[in-house]
Protein chains: 2
Amino acid sequence: MAISYRAGPVAVGRRLGPEEFVSVRTAHTHDPLGDWGPCGACDLGPLSFCANMGRGTVSSLARVQCTLRYDAQDTMFREGDDGTAVYVLIAGAVKVYKLMPDGRRQITGFFFRGDMFGFCLETAYAYTAETISPVLACRLPMTLLRTLSQTAPEVQHRIMLRMIGKLATFHDHVLLLGRKTARERVASFLLSLSDRACRRGEPPSPLVLPMGRADIADHIGLTVETVSRAMTRLKRDGLLDLPSPGLVVLRRPKALRGIADGLTPEAA
Amino acid sequence: MAISYRAGPVAVGRRLGPEEFVSVRTAHTHDPLGDWGPCGACDLGPLSFCANMGRGTVSSLARVQCTLRYDAQDTMFREGDDGTAVYVLIAGAVKVYKLMPDGRRQITGFFFRGDMFGFCLETAYAYTAETISPVLACRLPMTLLRTLSQTAPEVQHRIMLRMIGKLATFHDHVLLLGRKTARERVASFLLSLSDRACRRGEPPSPLVLPMGRADIADHIGLTVETVSRAMTRLKRDGLLDLPSPGLVVLRRPKALRGIADGLTPEAA
DNA sequence: CGGAGTTTTGACCACAGTCAAGCTTAGTGG
DNA sequence: CCACTAAGCTTGACTGTGGTCAAAACTCCG
């Protein structure tokens with residue numbers, strides 16, 4: 001069955017010509033260009049799953065790969081669609097969600113630069129992917145996962161490691177949703193964004209939130225109002241600053257960690 | 001850091017001698033012995049990740065594999081332990097959970113016959129695994145995931161498919177925890193158990209619950225009392241029968257599905 | 001049978017949801 | 001350049017679902 005409670009187009013993404021690759025490779029300068037392979041379609045460097053691969057392997061990937069550009073609020077694919085491709089984000093932010101017939105929404109993940117998503121079983125995507133900001137993505141055919149086992153088992157192994165990592169974050173998120181209070185959820189969410197920024201080579205603290213409060217709420221199982229109240233309270237308690245809705249300064253990350261892990265009693 | 005808020009031993013599992021394999025292979029008769037490989041350490045048949053593999057591949061797996069028996073309530077491994085092995089369940093039931101310092105617990109998954117678990121990144125398990133009933137398990141060294149990319153990429157691909165499947169169930173569970181009501185959660189949980197029983201070749205309806213209400217509660221983010229109330233109400237509404245606490249008869253699975261998916265208004 | 005542990009039921013309560021109003025910010029056009 | 005609008009964020013008052021605490025009933029053992 002095709003699941004699509006809210007109709008709307010799926011954006012195909014604008015294909016970048018070869019001459020545009022150069023600008024892509026220099027568009028993001030906040031991390032050093034590492035010893036990346038000769039694919040040339042992205043500037044992910046060590047963040048890429050194909051970093052440090054042999055020339056032959058990477059160029060065979062480059063042959064099946066294509067680089068796409070999306071606008072903000074584009075739907076990349078929809079729950080129930082034929083799952084023909086996996087994506088690696090080069091720039092921008094994506095949210096992935098499931099809908100219930102009455103409109104309730106659960107955002108199951110946010111993806112940023114370097115992240116890989118779109119794995120699916122038996123042709124149908126289990127969720128919808130929508131861009132939050134303008135996006136540049138590397139698209140790889142789903143069949144690659146199968147052929148890699150023959151041609152480049154090492155790449156397949158790397159992809160598997162990413163999946164194991166994703167499974168671990170799901171365990172954490174399930175704990176958050178099942179057992180944490182509103183305050184703990186917001187603290188955990190902000191810290192996880194901070195951690196991921198670090199892993200991308202960005203600073204941990206002036207945190208940019210590309211998503212709105214509604215998206216945060218639908219990710220951590222709360223309402224917009226509760227998210228807002230929790231953040232205001234964290235600010236009042238001196239744990240963070242909110243210069244603008246989309247910017248968070250972590251003032252006392254250790255204390256925030258304590259709250260996220262439930263070490264600090266709610267009253268404090 | 002070693003995370004172990006409640007001390008207690010980790011059971012090593014009793015190693016089965018070769019002479020005991022025969023009894024293992026005939027102990028469970030509820031699904032036909034399929035065209036399983038020559039490993040001989042289990043009777044999983046088509047449920048096994050190594051079903052229909054070449055003799056050479058399977059016998060190389062058999063060389064590194066070992067079959068273990070655990071009692072009920074044994075801890076197989078603990079969050080923070082060195083992740084040296086993955087497990088395939090041959091018989092029995094296992095729960096996998098994370099703890100918070102104050103004792104809050106989130107059960108992130110239940111595993112049954114044929115299921116595979118214990119994947120981990122960077123040596124440390126992200127959760128604790130504890131048996132619910134007596135268990136028979138096939139233990140495989142974690143390093144296998146790496147060597148398989150060289151020796152048997154096809155097996156690695158199958159394991160990856162299992163991971164993708166597990167990712168999909170996490171998406172569903174995150175939706176359940178983030179956006180469903182108590183009634184919907186219980187209905188969803190029972191149906192998911194039923195689905196999995198079917199996939200194992202068991203009947204969908206007289207459903208055996210090896211876990212207690214407390215475990216169910218800690219899995220679907222509720223309290224024991226709320227789980228109990230929700231089940232009682234589903235029974236009162238004629239959707240299921242509860243001949244005993246550990247047995248559930250799904251009387252109207254379609255209607256139950258409607259509740260699980262939020263199609264039926266709460267009042268009804 | 002008896003007794004421990006689990007499940008169910010009941011009464012009350014609190015955290016987060018709902019509804020509604022104000023506030024801030026960014027974008028638009030006069 | 002500034003009114004005007006619209007969207008998103010914040011704050012407030014009230015409500016309801018599910019949590020807490022307590023006790024009764026059931027199940028499953030020995």
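Letters A, B, ... are given to chains in the order of the sequence lines, protein chains preceding strands, and every chain is numbered from 1.
- A:F112 pairs by the ring-ring contact (aromatic ring centres under 6.0 Å, His included) definition with nothing, not counting sequence neighbours.
- Among residue pairs with one or both ends in residues 196-235 of chain B, those qualifying as ring pair (Phe, Tyr, Trp, His ring centres under 6.0 Å) are B:F110-B:H219, B:H173-B:H219, B:F189-B:H219; sequence neighbours excluded.
- For the helix from C:dC1-D:dG30 to C:dG30-D:dC1, the axis fitted to the five pairs at one end and the axis fitted to the five pairs at the other end meet at an angle of 40° (nearest 10 degrees).
- Partners of A:D102 under the salt bridge (Lys or Arg N to Asp or Glu O under 4.0 Å) rule, at least two apart in sequence or in another chain, are A:R104.
- Checked against salt bridge (Lys or Arg N to Asp or Glu O under 4.0 Å), B:K166 has no partners two or more places apart in sequence or in another chain.
- Side chain of B:R113 to main chain of B:A91: no donor-acceptor pair is present (N/O by atom type, distance under 3.5 Å, no hydrogens or angles).
- For the ring pair (Phe, Tyr, Trp, His ring centres under 6.0 Å) condition, no pair includes a residue of residues 221-251 of chain A, sequence neighbours left out.
- Annotation: side chain to side chain donor-acceptor pair (under 3.5 Å) contacts involving residues 242-256 of chain B, sequence neighbours excluded, comprise B:D241-B:R251.
- Applying the salt bridge (Lys or Arg N to Asp or Glu O under 4.0 Å) test to A:R257 and every residue at least two apart in sequence or in another chain returns A:D261.
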Going 5' to 3' through nucleotides 7-21 of chain C and flagging B where a protein heavy-atom sits under 4.0 Å of the base, S where only the sugar-phosphate is that close, and - otherwise, we get SBBBB----SSBB--
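- Screening residues 216-226 of chain B for salt bridge (Lys or Arg N to Asp or Glu O under 4.0 Å), with sequence neighbours left out, gives A:R179-B:D218, B:R105-B:D218.
- Taking the 5' to 3' direction, DNA chain D first and last meets chain A under 4.0 angstrom from a heavy atom at D:dC9 to D:dA13.
- Among residues two or more places apart in sequence or in another chain, the salt bridge (Lys or Arg N to Asp or Glu O under 4.0 Å) test is passed with A:R213 by none.
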